[in-house]
A.B. asks: 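The structure is given below, and queries will be raised subsequently.
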Amino acid sequence: MPTLSRRFFITASNPELFLQWQPQREAQVLSPLSPTQIQKQRKVLESKLISALDCCTSVIQIKQVHAHLLLQGLDQCCLVLAKLIRTLTKVNAPVETYPRLIFEQVRYPNPFLWTAMIRGYILQGSVSESVNLYSCMRSVGTRPLSFTFSVFFKACGAAQDVSLGRQIHAQTILVGGFASDLYVGNTMIDMYVKCGYLNCGRKVFDEMPDRDVISWTELIVAYAKNGDMESAWDLFVELPVKDKVAWTAIVTGYAQNARPREALEVFERMQNEEVETDVVTLVGVISACAQLGVSKYANWVRDVAESSGFGPCDDVVVGSALVDMYSKCGSVDEAFKVFEGIKEKNVFSYSSMILGFAMHGRGHAAIQLFHDMLKSEMGPNHVTFIGVLTACSHVGLVEQGRQLFAAMGNHYGVAPSVEHYTCMVDLLGRAGHLEEALELIETMSVEPNACVWGALLGACRTHRNPDIAQLAADHLFELDPNNLGNYILLCNIYASAGMWDKVSRIRKLMRVKGLKKNAGYSWIEAKKGEIHEFFAGDMRHPMSTEIMQALEDLLNRLKANGYVPNLNSVAYDIHDDEKKHMLTNHSEKLALAYGLLSTDVDCPIKIMKNLRICEDCHEVMCGASKITGREIIIRDNMRFHHFHNGSCSCGNFW
DNA sequence: ATAGGGTTAG
């Protein structure tokens, strides 16, 4: 007869159990009990053992609990044994030895015990053995649980093993009663989606008799991750009861698909419907604001975060996202204030701030922060090194960059990736060490990609080296044949070397391939925070006439000061007059003219652009900052340019 | 037991 003994409590390895010891109850136990009381005591004992197992973190502790269990005559108690095996799996005890031994001593394993064993084998990578156990379980006539299937589906999803997934799917139908199980259905959708079979997941969803918000959200996320926001939105609209997770999925979906305005719109609706905002929602919205780069929205979302109790001081993830957001909104000083306010900074906070400094050309600040980070004994990761190498590059700290690059693998255990090599090629290339950069590419430990060769090609333009440029271009045209930018760069390099026959050959190649320039556009935040968007030659704006006039006036004043339009920036093989016209219409120039017309004189003019700023526009911005006395901040797809009194923070290299 | 999250180079 199982009884609770004093010994059990006192020798229990776990202090929590000891604290739970109640002498009154023990007195009861020692007196004779009725069968129902015995049953009740047994239940109490079982739950004590289970909670003891919850606290176990090593095999030795589990063995002690096991010893008590045997002492109490519970060697056939599947409930506790299943928990014991799950706990052993959690502490990574090899399932084949100790757990297997326990399992084989049980005469009538229940489905929970079978499932615990199956799960153990799956988690330890023995999928075939788990399938084997499942067959045994079926052959002795034991009915599986929903959980049994979900264990398999989870494993298939993680291993992207759709063929096993389909077999288990067939089993859920074969065994009967599981095809309509909500939990099984949901884990099955997830399995198909993770294996890349979104349509199969959809089919499961469509055939489910009962669906809950989880089923819907799984599919919404799957569509969003697939870049199909239209299907995601359609599902979202149909979803009868939307919870905060579903809302967040759609907001984040837009943010991750580079549609920040829609993300913000949906978030605003979410707030109007008074759905609770939590950290995960905020992170998605903050990322959308970072992409948009508009201060009004940035400040708004920060207020929302703070009033929801997740300000930068409260939550490190929100704080780090805000650092990134303010950097990308052009306010690197504000980013640093937020950074300083984060109570428990982590590697994300530091990396974001280092990248922020690097992006704004404040290389020394970035490197200083990197050293502060090391002092606080925080381990840098691969992104941290991208930030700090970029920073070195922008300040021309070649030797320091070399040392950091060498140290990353040797001292910090971060193996250099293609991205880090790209930074190094950029660093060496900018400083004019083209041969060394080429040598680095040729001896790379990983396969060079288009970015690496692109960095080299960019450096060849600055340092006018057509030979190495040709080599880089050969690789680029193979790796990334439809990227027009590479052809233009090569053209410029040949043109400045006077190699006109090569120029016309490349131009012909571009024509034959029918490569078209990406639609470049710029946007600017007006006084009240509204966004004005411009394409090249755009006349849609209600103030178009004034804008064109202001631009012409500005260019005339610049020309009087010696500005000559830089025709190299136009890739097309057209007449110079036409080129001049095209240059004049570049979207960032229109945005600048609008900014001059309609923003406060003491505020910087902030322009965002989806492509890299061209040389001519860069020159115009420099000149405009001098003539007008206005500070101009431009974010292109690479970095920030702060124009002040005739010069740019990028030092004319970008 | 099952659904949503932050930093990435030319």
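No hydrogens, no waters, no symmetry mates; every other heavy atom, side chains included, goes into these values. All chains are named by letter (A, B, ...) in the order of the sequence lines, taking the proteins before the strands, and each is independently numbered beginning at 1.
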A.B. asks: Measure CZ/Phe178(A) against C1'/dT2(B) and give the value in whole Å, please.
C.D. replies: 15 Å

A.B. asks: Ignoring hydrogens and angles, state whether a donor on the side chain of Thr281(A) or Asp278(A) is under 3.5 Å from an acceptor on the partner side chain.
C.D. replies: yes

A.B. asks: Whole angstroms only, please: what is the CG-C1' distance between Asp212(A) and dA3(B)?
C.D. replies: 9 Å

A.B. asks: Could you tell me how far apart Gln256(A) (CD) and dT7(B) (P) are, to the nearest whole angstrom?
C.D. replies: 9 Å

A.B. asks: Determine whether a donor-acceptor pair (one donor, one acceptor, N or O, separation below 3.5 Å) exists between the side chain of Asn486(A) and the base of dG10(B).
C.D. replies: yes

A.B. asks: How about Glu207(A): does its CD atom have over 12 heavy atoms from other parts shown lying under 6.0 Å from it?
C.D. replies: yes

A.B. asks: For dG5(B), take OP1 and OP2 only and decide whether either is under 4.0 Å from a side-chain N or O of Lys244(A).
C.D. replies: no

A.B. asks: Of the nucleotides dT7(B), dA3(B), dG5(B), which one has an atom closest to the side chain of Val280(A)?
C.D. replies: dG5(B)

A.B. asks: Should Arg430(A) be listed as having a side-chain N or O under 4.0 Å from OP1 or OP2 of dG10(B)?
C.D. replies: yes

A.B. asks: Contact class for Lys242(A) vs. all strands (heavy atom < 4.0 Å): base, sugar-phosphate, or nothing?
C.D. replies: nothing

A.B. asks: Regarding Asn346(A), tell me which of base, sugar-phosphate or nothing describes its non-hydrogen contacts under 4.0 Å with the strands shown.
C.D. replies: base

A.B. asks: Please determine, for the side chain of Val213(A), which listed nucleotide (dT2(B), dA3(B), dT8(B)) has the closest atom?
C.D. replies: dA3(B)

A.B. asks: Can you check the Leu123(A) CG to dA1(B) C1' distance for me, whole Å?
C.D. replies: 14 Å

A.B. asks: Return the nearest nucleotide to the side chain of Val283(A); candidates are dG10(B), dA1(B), dG5(B).
C.D. replies: dG5(B)

A.B. asks: Among the nucleotides dG10(B), dA3(B), dT8(B), which one has an atom lying closest to any side-chain atom of Val245(A)?
C.D. replies: dA3(B)

A.B. asks: Rounded to whole angstroms, how far apart are CH2 on Trp247(A) and P on dG5(B)?
C.D. replies: 17 Å

A.B. asks: Under 4.0 Å between any heavy atoms, over every strand shown, what does Ser287(A) touch: base, sugar-phosphate, or nothing? Just pick one.
C.D. replies: nothing

A.B. asks: Under 4.0 Å between any heavy atoms, over every strand shown, what does Phe147(A) touch: base, sugar-phosphate, or nothing? Just pick one.
C.D. replies: nothing

A.B. asks: Work out which heavy atom in Asn610(A) is nearest to a heavy atom in Asn637(A); give both atom names and the distance.
C.D. replies: O-CB, 3.3 Å

A.B. asks: What is the distance, rounded to the nearest whole Å, between atom CZ of Phe205(A) and atom C1' of dA3(B)?
C.D. replies: 12 Å

A.B. asks: Mind checking whether Phe339(A) and Phe336(A) have parallel, tilted or perpendicular rings, split at 30° and 60°?
C.D. replies: parallel

A.B. asks: Starting at atom CZ of Phe153(A), determine the distance to atom P of dA3(B), rounded to an integer number of angstrom.
C.D. replies: 14 Å

A.B. asks: At a heavy-atom distance below 4.0 Å, what parts of residues 310-324 of chain A sit against DNA chain B?
C.D. replies: Val316(A), Val317(A), Ser320(A), Asp324(A)

A.B. asks: Would you indicate what Leu355(A) reaches in the nucleic acid, counting non-hydrogen atoms under 4.0 angstrom: base, sugar-phosphate, or nothing?
C.D. replies: sugar-phosphate

A.B. asks: Measure from the side-chain heavy atoms of Ser146(A) and tell me the nearest of dA1(B), dT7(B), dA3(B).
C.D. replies: dA1(B)

A.B. asks: Let's see if you can work this out: which of dG10(B), dG4(B), dT8(B) has an atom nearest to the side-chain heavy atoms of Thr422(A)?
C.D. replies: dG10(B)

A.B. asks: How about NZ on Lys345(A), more than 12 heavy atoms from neighbouring residues, nucleotides or ligands closer than 6.0 Å, or not?
C.D. replies: yes

A.B. asks: Go through it in stages, so that I can follow the logic: the residues are Lys337(A) and Asp333(A), the test is salt bridge (charged side-chain N to carboxylate O under 4.0 Å, His left out), and I'd like the CA-CA distance, side-chain angles, deciding distance and then a yes or no.
C.D. replies: CA-CA 6 Å; Lys337(A) 271 187 210 151; Asp333(A) 296 312; over 6 Å; no

A.B. asks: When the aromatic ring centroids of Phe385(A) and Phe370(A) are compared, is their separation below 6.0 Å?
C.D. replies: yes

A.B. asks: Taking only residues at least two apart or on different chains, which pairs with a member in residues 208-219 of chain A satisfy side-chain hydrogen bond (donor to acceptor under 3.5 Å, both in side chains)?
C.D. replies: Asn186(A)-Asp212(A), Asn186(A)-Ser215(A), Asp212(A)-Ser215(A)

A.B. asks: Would the distance check show the side chain of His394(A) and the main-chain N or O of Arg362(A) forming a donor-acceptor pair, the cut-off being under 3.5 Å?
C.D. replies: no

A.B. asks: Measure from the side chain of Asn186(A), starting at C-beta and using heavy atoms only, and say which of dG10(B), dT2(B), dA1(B) lies closest.
C.D. replies: dT2(B)

A.B. asks: Using the salt bridge (charged side-chain N to carboxylate O under 4.0 Å, His left out) rule, take Arg302(A) and Glu306(A) through it: C-alpha gap first, then chi angles, then the decisive distance, then the call.
C.D. replies: CA-CA 6 Å; Arg302(A) 189 215 181 131; Glu306(A) 268 167 359; 3.5 Å; yes

A.B. asks: Counting only non-hydrogen atoms, which of residues 220-236 of chain A are less than 4.0 Å from DNA chain B?
C.D. replies: Val221(A), Lys225(A)

A.B. asks: Of all the choices, dG10(B), dA1(B), dT7(B), which nucleotide is nearest to the side chain of Phe348(A) once you look at every atom?
C.D. replies: dT7(B)

A.B. asks: Tell me what Val279(A) touches on the nucleic acid: a base, only sugar-phosphate, or nothing, going by heavy atoms under 4.0 Å.
C.D. replies: base

A.B. asks: Kindly state whether the ring of His169(A) and the ring of Tyr192(A) have centres lying under 6.0 angstrom apart.
C.D. replies: yes

A.B. asks: Roughly how many Å is it from NZ in Lys154(A) to P in dA1(B), rounded to a whole number?
C.D. replies: 9 Å

